[in-house]
Protein chains: 2
Amino acid sequence: VRVEIVAVGTELLLGQIADTNSQHLGQQLAGIGVSCTYHQHVGDNHDRIVLALRTALARTDAVIVCGGLGPTQDDITREAIAEVMNVSLERDGTIVAAIAAMFKSRGRDMPDNNARQGDVPAGATVIPQRRGTAPGLICPVGNKVVYALPGVPYELTEMFARAVAPDLLARQRAAGETAHIQSRVLRTWGASESGLADALGSRFNALEGGTVTIAFLASGIEGLKVRLTARGDDAAATAATLDGEEAVVRAILKDRFGDIVFGVDEQTMETAVAALLLAESHTLGVAESVTGGLIASRLVSVPGASAWFRGGVVSYASDVKGSVLGVPDGPVVSADAAIAMAHGARRVLGSTIGLAVTGVAGPEPQEDQPPGTVFVGLAIGEASQHASLTLPGDRQRVRDYATISALDVLRRALS
Amino acid sequence: VRVEIVAVGTELLLGQIADTNSQHLGQQLAGIGVSCTYHQHVGDNHDRIVLALRTALARTDAVIVCGGLGPTQDDITREAIAEVMNVSLERDGTIVAAIAAMFKSRGRDMPDNNARQGDVPAGATVIPQRRGTAPGLICPVGNKVVYALPGVPYELTEMFARAVAPDLLARQRAAGETAHIQSRVLRTWGASESGLADALGSRFNALEGGTVTIAFLASGIEGLKVRLTARGDDAAATAATLDGEEAVVRAILKDRFGDIVFGVDEQTMETAVAALLLAESHTLGVAESVTGGLIASRLVSVPGASAWFRGGVVSYASDVKGSVLGVPDGPVVSADAAIAMAHGARRVLGSTIGLAVTGVAGPEPQEDQPPGTVFVGLAIGEASQHASLTLPGDRQRVRDYATISALDVLRRALS
């Protein structure tokens with residue numbers, strides 16, 4: 001059973017809101033092992049909704065349409081589905097009475113418009129509402145199906161889990177399909193996207209046509225992700241396949257690049273660093289110029305950061321590096337300055353480790369160094385080390401890459 | 001000219017990332033008055049990408065396909081477009097040489113894989129890259145067109161503005177179409193979303209069925225946005241309509257809430273603050289605990305920040321407030337502490353103004369204060385003031401709201 005999601009709303013086309021519904025449904029479908037092959041967005045236009053639904057029915061087995069079930073005149077998904085089913089709409093008195101009762105319980109009369117929410121295409125099954133006014137619909141179209149869900153995320157989420165997921169799984173069983181899909185993401189830092197692709201190229205080709213796929217995803221401050229997706233008969237078998245593939249991929253990456261995998265799935269660089277600091281009872285102070293507080297703000301996003309994070313100094317003006325951190329006179333975009341900043345952070349903030357970044361975000365050069373030049377300094381007790389980086393991109397990207405690179409220097413030192 | 005956006009990537013179908021590209025392109029298309037009638041998401045699968053492109057070409061005039069132009073094996077948009085155009089791919093030596101030169105400038109050899117990014121469907125026009133490796137493509141299909149853009153937002157944004165938007169506008173002129181859509185966003189801070197909706201409710205209803213619409217959008221650290229969208233015969237008439245509506249809406253908001261509009265369109269709170277600081281030749285130092293560097297990192301994102309931003313102290317551990325900022329002993333989640341932090345920031349960082357935030361992000365209370373309790377301190381010379389806030393939401397939301405709230409305190413003081 002292959003699914004297509006059709007999200008209805010002109011505000012999606014205009015980019016006024018993000019389509020979190022399709023993202024949520026995509027995650028949920030993957031989680032229950034149902035394959036989703038397309039998404040569509042379409043505006044509040046009858047003919048275009050009809051065409052979107054027919055397109056989806058032509059290339060998939062089941063369509064989930066979200067939105068356009070409200071009470072106002074621009075909510076026309078019901079009418080479009082009726083046209084696709086080639087039936088008329090019939091007003092369901094039970095639904096109208098339930099909506100009227102809900103209004104009454106809030107001390108209000110039901111506006112006339114809301115009666116439209118009781119319109120049901122002949123032959124459709126109603127999914128009762130538990131959180132709002134518009135009911136959902138299960139609409140058979142030949143041997144295929146259109147599920148209609150309200151666009152309010154809080155209502156859609158509940159209704160999908162209660163009524164749509166079980167119906168899809170029943171269809172999948174009836175079709176003799178038992179496929180289960182699972183993904184796992186390895187987060188890396190230290191290799192380029194094309195370098196990763198090159199290293200994993202022969203593995204990628206060897207997997208072609210099989211039950212496992214590899215994909216790459218550049219995610220800025222979250223690192224470069226390698227996503228493994230497996231399809232299997234059940235959850236346990238799929239997880240076992242993923243375990244095996246993860247081991248293969250990790251071995252290839254380790255051999256080629258060393259210790260570049262810093263996390264799995266939702267494990268961020270800052271949580272990796274936090275675990276290492278906690279394990280060795282270290283405390284951390286940071287000194288930032290080019291990153292301007294980004295490193296500190298990533299670190300404090302980790303719950304429980306107060307156990308190991310002391311604080312930071314954003315020494316944006318060059319003389320603040322001297323006056324607050326005690327950095328000696330001299331070039332501030334340099335390895336020496338980065339190391340002095342790290343020692344200064346450790347001393348001023350009273351931590352066992354100091355981590356510092358200095359560099360040029362651009363667009364203008366500084367001290368004759370081009371944008372993207374970044375030095376990371378690390379002081380662990382009296383010992384110190386540094387890294388020199390040349391980062392690509394504009395102001396914001398240099399800053400993002402400098403942030404994850406600096407944390408990676410710390411991670412590798414503690415690993 | 002009607003446009004369809006096709007975003008390529010299995011990660012979109014699995015809900016692993018949000019499709020910010022389609023949202024951005026939707027906004028941009030609306031802004032230049034080009035109608036976008038559908039979006040699609042499709043995975044990294046050759047046959048399905050081909051079908052998605054053919055579906056889009058069947059129902060619109062121009063297709064923007066995003067993603068799948070990278071160097072790795074799962075980047076197959078070029079091949080799919082060539083099939084839709086019914087031509088072969090030809091490797092463009094100039095593109096390959098440019099990519100190789102880019103790698104060389106970073107001291108690296110170009111991996112073999114990257115040569116694929118020089119593959120161009122016969123008959124297509126290349127959009128040169130300025131920010132990455134994959135060039136864009138303008139691919140004629142009969143009297144219609146497919147634009148291919150890289151999926152990296154930073155690259156896509158620049159390439160759309162430089163090459164796709166002008167080409168679409170030329171097509172629109174050639175077709176004799178003049179309908180024009182424009183939006184304008186008023187950014188506010190200080191009223192709730194339902195408060196805004198209530199204040200603007202009768203205006204909203206009065207506009208029903210006309211050429212202007214109002215929408216509300218809660219955007220976290222970017223504030224609460226009021227979006228006005230107008231449709232007119234040409235750019236000048238549409239802009240005049242928007243000017244009139246903006247004046248009406250501003251008057252309603254001013255009357256009800258005071259000075260809550262801090263920016264228009266892309267004007268952020270930090271650019272508003274930057275302009276005020278520059279105008280009065282002030283310099284700023286910040287002291288943060290609960291926001292952990294977020295205020296500093298927002299401020300340095302403003303180009304030219306070094307003219308007025310001195311730096312910051314992230315006093316996350318309570319004793320750092322005393323040792324670095326000179327805050328006297330006593331409760332650290334308090335108005336007194338916020339004011340002392342602000343004076344400390346001013347003194348330590350050598351600025352004319354000090355801005356400070358202390359508070360509880362949660363999930364646990366601190367000093368018997370519940371999560372969401374936040375104090376902002378502001379020191380301008382020897383004078384000082386404070387604000388006490390109770391912010392909703394989880395750890396990250398409290399921090400985001402505290403950041404924009406603190407900057408808003410500074411904005412109002414300088415206005």
Side-chain angles (χ1 to χ4, degrees), chain A residues 11-19 23-24 26-27 30 36-43 48 51-52 55 59 183 193-195 197-198 201 204-205 215-218 227 292-294 296-297 300-301 306 309-317 320 323-324 348-350 390 393-397, chain B residues 10-16 18-19 23-24 26-27 30 36-44 48 51-52 55 59 70-74 106 111-114 131 152 154 215 217 227 229 292-294 296-297 300-301 303 306 309-317 320 323-324 348-350 396:
Chain A
E11 66 277 12
L12 294 168
L13 294 177
L14 294 175
Q16 292 177 342
I17 63 168
D19 176 19
Q23 190 176 5
H24 171 80
Q27 290 168 354
C36 178
T37 48
Y38 297 94
H39 296 168
Q40 285 185 86
H41 296 163
V42 59
R48 291 186 192 140
L51 181 54
T55 298
R59 61 190 180 185
S183 280
E193 188 178 6
S194 52
D198 192 49
F204 185 97
N205 293 332
F216 309 97
L217 194 58
R227 189 191 64 229
L294 269 181
S297 68
V300 303
S301 72
S306 57
F309 185 61
R310 297 280 304 160
V313 172
V314 180
S315 53
Y316 202 63
V320 171
S323 62
V324 179
V348 170
L349 298 163
T390 305
D394 65 0
R395 220 173 144 73
Q396 187 56 42
R397 289 228 298 177
Chain B
T10 303
E11 66 277 10
L12 294 168
L13 294 177
L14 294 174
Q16 292 177 339
D19 176 20
Q23 189 176 6
H24 171 79
Q27 290 169 354
C36 178
T37 48
Y38 297 95
H39 296 168
Q40 285 184 84
H41 296 163
V42 60
D44 303 312
R48 291 187 193 139
L51 181 53
T55 299
R59 61 190 180 185
T72 68
Q73 295 84 344
D74 58 353
R106 295 180 193 166
D112 290 343
N113 263 329
N114 281 79
R131 296 184 160 180
V152 179
Y154 161 78
L217 196 57
R227 179 189 299 265
T229 304
L294 269 181
S297 67
V300 303
S301 72
S306 56
F309 185 61
R310 298 278 305 158
V313 173
V314 180
S315 53
Y316 202 63
V320 171
S323 62
V324 180
V348 170
L349 298 162
Q396 187 56 43

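A, B, ... follow the sequence lines: proteins, then strands. Residue 1 opens every chain.
- In this structure, the portions of B/Val42 lying under 4.5 Å from any heavy atom of chain A include both its backbone and its side chain.
- With a 4.5 angstrom heavy-atom cutoff, A/Asp394 touches chain B via backbone and side-chain atoms both.
- Taking SG of A/Cys36 as the start and CG of B/Leu13 as the end, the distance is 5.0 Å to the nearest 0.5 Å.
- Proximity to chain A involves both the backbone and the side chain of B/Phe309, based on heavy atoms less than 4.5 angstrom apart.
- Top candidate by heavy-atom pairs under 4.5 Å with chain B, chosen from A/Gly393, A/Ala52, A/Ser323, is A/Gly393.
- When side chains are defined from C-beta on, B/His39 does not count as touching A/Asp19, because their heavy atoms never get closer than 4.5 Å.
- The candidate with the highest count of non-hydrogen atom pairs below 4.5 Å against chain B, out of A/Leu349, A/Thr55, A/Leu14, A/Val324, is A/Leu14.
- Separation of atoms CG (A/Leu294) and CG (B/Leu294) is listed at 8.0 Å; rounding is to 0.5 Å.
- For chain B, the nearby parts of A/Arg48 are the backbone and the side chain; heavy atoms of each come within less than 4.5 Å.
- Taking B/Gly43, B/Ser301, B/Ser315, B/Ala30 one by one and counting their heavy-atom pairs under 4.5 Å with chain A, the maximum is reached by B/Ser301.
- Per-residue heavy-atom pair counts under 4.5 Å with chain A were compared for B/Thr10, B/Asp44, B/Val313, and the maximum is reached by B/Thr10.
- For A/His41 and B/His41, the ring centers sit closer than 6.0 Å to each other.
- In this structure, A/Ser183 and B/Gln16 approach most closely via the heavy-atom pair CB-NE2, 3.4 Å.
- Of the listed residues (A/Gly350, A/Gly195, A/Gly292), the one with the most heavy-atom contacts under 4.5 Å to chain B is A/Gly292.
- Looking at A/Gln396, the atoms closer than 4.5 Å to chain B (heavy atoms on both sides) all sit in the side chain, from C-beta outward.
- Interface residue A/Phe216: backbone and side-chain heavy atoms are both found under 4.5 Å from chain B.
- Summarising the geometry, atom OG1 belonging to B/Thr229 is positioned 11.0 Å from atom CD belonging to A/Glu11; distances are rounded to the nearest 0.5 Å.
- The candidate from B/Gly312, B/Gly293, B/Gly26, B/Ala296 with the greatest count of non-hydrogen atom pairs under 4.5 Å with chain A is B/Gly312.
- Of the two parts of A/Arg310, the backbone and the side chain both hold a non-hydrogen atom closer than 4.5 Å to a non-hydrogen atom of chain B.
- For B/Thr37, the parts sitting under 4.5 Å from any heavy atom of chain A are the backbone and the side chain alike.
- For B/Thr72 against A/Ala197, the heavy-atom pair with the smallest separation is CG2-CB, 2.9 Å.
- To the nearest 0.5 Å, atom CG of residue B/Leu51 and atom OH of residue A/Tyr38 are 4.0 Å apart.
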